[in-house]
Asks: 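Here's a structure for you.
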Amino acid sequence: SRPGVRHGKRRKDDGGERVYMGCRGRENRIPHPIPPSRKLNMAKKPDINAEISKACRLLTAPLRTRPSFLMPGAPKCGSSSLFDALLLHPRVRRGPFKEPASMIRYPGSELRLRMNFPFVRPFSPWVCGDASMEYWFHPDLPARAAEMMPDTRLIFIFREPVARAWSEYRMFRKSGDDHADFTGTVTNAIRWLSDPSGKELCQSALRQSNNPLRYVGCGMYADLLQDWWRHFPRDQSLVLFLEELTESPQEHLAKIWRHLGLEPVAMKKMPHARDGGVKEAPPAEAERMLAEFYKPLNADLAGLLGRNLPW
């Protein structure tokens, strides 16, 4: 405040007019550049227990294992339910987080990678996995993962890409992280991803978790899958489809367990990790644009896998 002026009082300015020095009216307030949902709560106290747990896991990281398998994507394709289903096997274990994303947050750090997984037990063999969905579209992750874990097994799960994009948008909208118009976001993303001259810019954007390209980009299955296969032998990976997993879960889980070197076990019921909420159709124009954009890409995926797609 200025000397001699008290907020909430009137004073005379140099022109003799009376000026109110208190709070401005709502209509004149300057909106904060960060939406309320994104503002950091600076008064929030740190979680002491969580910090102690993190420190202990880091100190004991040399005694912990690397993940035996990666499930890098694609997001919103049933990965949470699949991950829970794999844990029904007595020889599959997990760390404290399904998606630690250690290779993004701490690239190249062996200790940070191991800290999120169980202790090694040489006389009681088991497998554990990392299902960080952010790995799927990050341009640097295939090479980074191959350098740190060249022998790891890969599991990919896909679904019809238009439904996937709409589902992911609804998730971010529900959490308050995206209030933009879906059709507008899709229009811009398709234009940028279709422009060869903008490849470097798109890759830069895809290195960020929340970016305007992810709704469309994550459904470019053939392109992203080939990025992983450039760094890993193809026989180390298994590709599944949500539509088929839902129809015959026992058959596909048995296939995954064998892929991980485990004997299949009987499963009573497929876990359902998340509720998709009330069904809501995507905007017609966005649905049309996405279907047209994905048509040749779906054909590429079918050719790459040598099979028909379930959608």
Side-chain angles (χ1 to χ4, degrees), residues 65-95 98-101 103 117 125-138 141-161 164 218-267 270-271 273 297-298 300-311:
T65 186
R66 293 174 175 180
S68 314
F69 66 90
L70 289 179
M71 190 191 301
K76 303 307 293 179
C77 291
S79 63
S80 295
S81 296
L82 177 57
F83 192 72
D84 288 347
L86 293 179
L87 293 171
L88 296 176
H89 196 289
R91 288 182 55 196
V92 179
R93 299 187 63 190
R94 63 167 293 169
K98 168 184 172 271
E99 303 186 40
M103 288 187 286
F117 297 96
W126 39 260
V127 300
C128 64
D130 180 343
S132 298
M133 294 294 104
E134 305 301 324
Y135 291 169
W136 171 239
F137 56 84
H138 195 293
L141 250 297
R144 196 174 295 171
E147 182 179 354
M148 299 190 72
M149 300 178 295
D151 299 324
T152 194
R153 311 297 283 179
L154 301 175
I155 301 170
F156 301 98
I157 182 166
F158 305 144
R159 71 187 284 193
E160 196 282 316
R164 193 221 67 81
C218 284
M220 300 170 68
Y221 301 137
D223 292 350
L224 294 173
L225 187 59
Q226 288 185 92
D227 287 343
W228 284 88
W229 283 354
R230 288 188 189 99
H231 299 279
F232 285 91
R234 182 166 174 167
D235 60 5
Q236 282 181 218
S237 66
L238 180 65
V239 178
L240 306 167
F241 295 95
L242 176 61
E243 293 83 355
E244 295 175 343
L245 176 65
T246 303
E247 185 176 338
S248 53
Q250 184 68 62
E251 175 188 344
H252 288 82
L253 283 172
K255 187 184 297 185
I256 300 171
W257 284 323
R258 291 192 187 97
H259 178 64
L260 299 178
L262 303 174
E263 286 297 320
V265 298
M267 182 190 65
M270 179 74 181
L297 299 177
N298 288 336
D300 291 345
L301 179 61
L304 188 65
L305 299 178
R307 55 154 293 176
N308 294 326
L309 304 181
W311 58 77

Asks: Check Gly219 against Arg164 and note the closest heavy-atom contact, atom names and distance.
Replies: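 Minimum heavy-atom separation between Gly219 and Arg164: N-NE, 4.0 Å.
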Asks: Salt bridge (Lys or Arg N to Asp or Glu O under 4.0 Å) with Arg234: which residues, sequence neighbours excluded?
Replies: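 For Arg234, no residue satisfies salt bridge (Lys or Arg N to Asp or Glu O under 4.0 Å) once neighbours in sequence are set aside.
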Asks: Rounded to the nearest 0.5 Å, how far apart are NZ of Lys98 and CG of Asp84?
Replies: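 So the NZ of Lys98 and the CG of Asp84 are separated by 8.5 Å.
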Asks: Within a reach of under 6.0 Å around CD of Gln226, are more than 12 heavy atoms found that belong to other residues, nucleotides or ligands?
Replies: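 Atom CD in Gln226 is crowded, with more than 12 foreign heavy atoms closer than 6.0 Å.
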Asks: Tell me every residue that passes side chain to side chain donor-acceptor pair (under 3.5 Å) with Tyr135, counting only those two or more places apart in sequence or in another chain.
Replies: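 Applying side chain to side chain donor-acceptor pair (under 3.5 Å) to Tyr135 gives Asp130.
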Asks: Grab the two heavy atoms, one from His259 and one from Asp235, that are nearest each other, plus how far apart they are.
Replies: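 That closest heavy-atom pairing would be CE1-O, 4.2 Å.
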Asks: Please name all residues satisfying side-chain contact (heavy atoms from CB on, under 4.5 Å) with Met149, sequence neighbours left out, ordered by chain then number.
Replies: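 Met149 satisfies side-chain contact (heavy atoms from CB on, under 4.5 Å) with Arg66, Pro67, Leu70, Met103, Leu113, Thr152 once adjacent residues are dropped.
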Asks: Can you sort out the partners of Asp223 under salt bridge (Lys or Arg N to Asp or Glu O under 4.0 Å), two or more places apart, ordered by chain and number?
Replies: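 Partners of Asp223 by the salt bridge (Lys or Arg N to Asp or Glu O under 4.0 Å) criterion come out as none, since no residue qualifies.
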Asks: Sort out for me which residue in Leu262, Val92, Leu238 forms a side-chain contact (heavy atoms from CB on, under 4.5 Å) with Ile256.
Replies: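 It is Leu238; the other options fail the test.
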Asks: Name all residues meeting the side-chain contact (heavy atoms from CB on, under 4.5 Å) criterion together with Arg258; count only those two or more places apart in sequence or in a different chain, and write none if there are none.
Replies: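 For Arg258, the residues satisfying side-chain contact (heavy atoms from CB on, under 4.5 Å) (neighbours in sequence not counted) are Ala254, Pro264.
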Asks: Counting N and O atoms only, with roles assigned by atom type, does the side chain of Gln250 sit under 3.5 Å from a partner on the main chain of Met267, one being a donor and the other an acceptor?
Replies: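 Between the backbone of Met267 and the side chain of Gln250 there is a qualifying donor-acceptor contact (under 3.5 Å).
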Asks: For the residue pair Pro72 and Trp228, establish whether any side-chain heavy-atom pair is separated by less than 4.5 Å.
Replies: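 In short, these two side chains touch, coming nearer than 4.5 Å.
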Asks: Among all residues two or more places apart in sequence or in another chain, which pass the side chain to side chain donor-acceptor pair (under 3.5 Å) test with His89?
Replies: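 His89: no side chain to side chain donor-acceptor pair (under 3.5 Å) contacts found.
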Asks: Is any side-chain heavy atom of Met133 closer than 4.5 Å to a side-chain heavy atom of Cys77?
Replies: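 A side-chain contact under 4.5 Å is absent here.
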Asks: Looking at Pro75 and Trp136, what are the two nearest heavy atoms and their distance?
Replies: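 Smallest heavy-atom distance, with atoms named: CD-CD1, 3.6 Å.
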Asks: Give the minimum heavy-atom separation between Ala74 and Tyr221, together with the two atoms involved.
Replies: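 So the two residues come closest at CB-CE2, 3.9 Å.
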Asks: Got a second to check how far Asp151's CG is from Ser68's OG, nearest 0.5 Å?
Replies: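 Answer for the CG-OG pair, Asp151 versus Ser68, is 11.0 Å.
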Asks: Partners of Arg91 by side chain to side chain donor-acceptor pair (under 3.5 Å), sequence neighbours excluded?
Replies: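 Partners of Arg91 by the side chain to side chain donor-acceptor pair (under 3.5 Å) criterion come out as none, since no residue qualifies.
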Asks: Please table the atom pairs, donor to acceptor, closer than 3.5 Å between any side-chain atom in residues 154-161 and protein atoms at least two apart or in another chain.
Replies:
unit_1: Arg159; atom_1: NH1; unit_2: Lys76; atom_2: O; d: 2.8
unit_1: Glu160; atom_1: OE1; unit_2: Val162; atom_2: N; d: 3.2
unit_1: Glu160; atom_1: OE1; unit_2: Ala163; atom_2: N; d: 2.8
unit_1: Glu160; atom_1: OE2; unit_2: Val162; atom_2: N; d: 3.2

Asks: Just to verify, what does Asp227 make a side chain to side chain donor-acceptor pair (under 3.5 Å) with, not counting sequence neighbours?
Replies: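 Once residues adjacent in sequence are excluded, the partners of Asp227 under the side chain to side chain donor-acceptor pair (under 3.5 Å) criterion are Arg230.
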Asks: For a 4.5 angstrom cut-off between non-hydrogen side-chain atoms, does Leu88 reach Pro271?
Replies: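 Yes - at least one pair of side-chain heavy atoms lies under 4.5 Å apart.
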Asks: Please give me the minimum heavy-atom distance between Thr65 and Phe117, naming the atom from each residue.
Replies: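 Heavy-atom minimum between the residues: O-CB, 3.4 Å.
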Asks: Quick one: does Leu297's side chain get under 4.5 Å of Leu301's, heavy atoms only?
Replies: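 Contact flag for Leu297/Leu301 side chains = no.
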Asks: My understanding is that only residues two or more places apart in sequence, or in another chain, count here; which of them pass side-chain contact (heavy atoms from CB on, under 4.5 Å) with Pro310?
Replies: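 Pro310 satisfies side-chain contact (heavy atoms from CB on, under 4.5 Å) with Phe241, Glu243, Glu244, Arg307 once adjacent residues are dropped.
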Asks: side-chain contact (heavy atoms from CB on, under 4.5 Å) with Ser248: which residues, sequence neighbours excluded?
Replies: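 By the side-chain contact (heavy atoms from CB on, under 4.5 Å) rule, Ser248 matches Glu251, His252.
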Asks: With rounding to the nearest 0.5 Å, note down the distance linking CG in Leu87 to SG in Cys128.
Replies: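 Answer rounded to 0.5 Å: 10.0 Å.
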Asks: Between CZ of Arg153 and CE of Met71, what distance do you get to the nearest 0.5 Å?
Replies: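 Here the interatomic distance stands at 14.0 Å.
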Asks: To check you understand the geometry: which heavy-atom pair defines the closest contact between Ala85 and Met270, and what is its length?
Replies: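 Heavy atoms of Ala85 and Met270 come nearest at CB-SD, 3.8 Å.
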Asks: So Leu240 and Leu245, do their side chains get closer than 4.5 Å, heavy atoms only?
Replies: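 No. Closest side-chain heavy atoms not under 4.5 Å.
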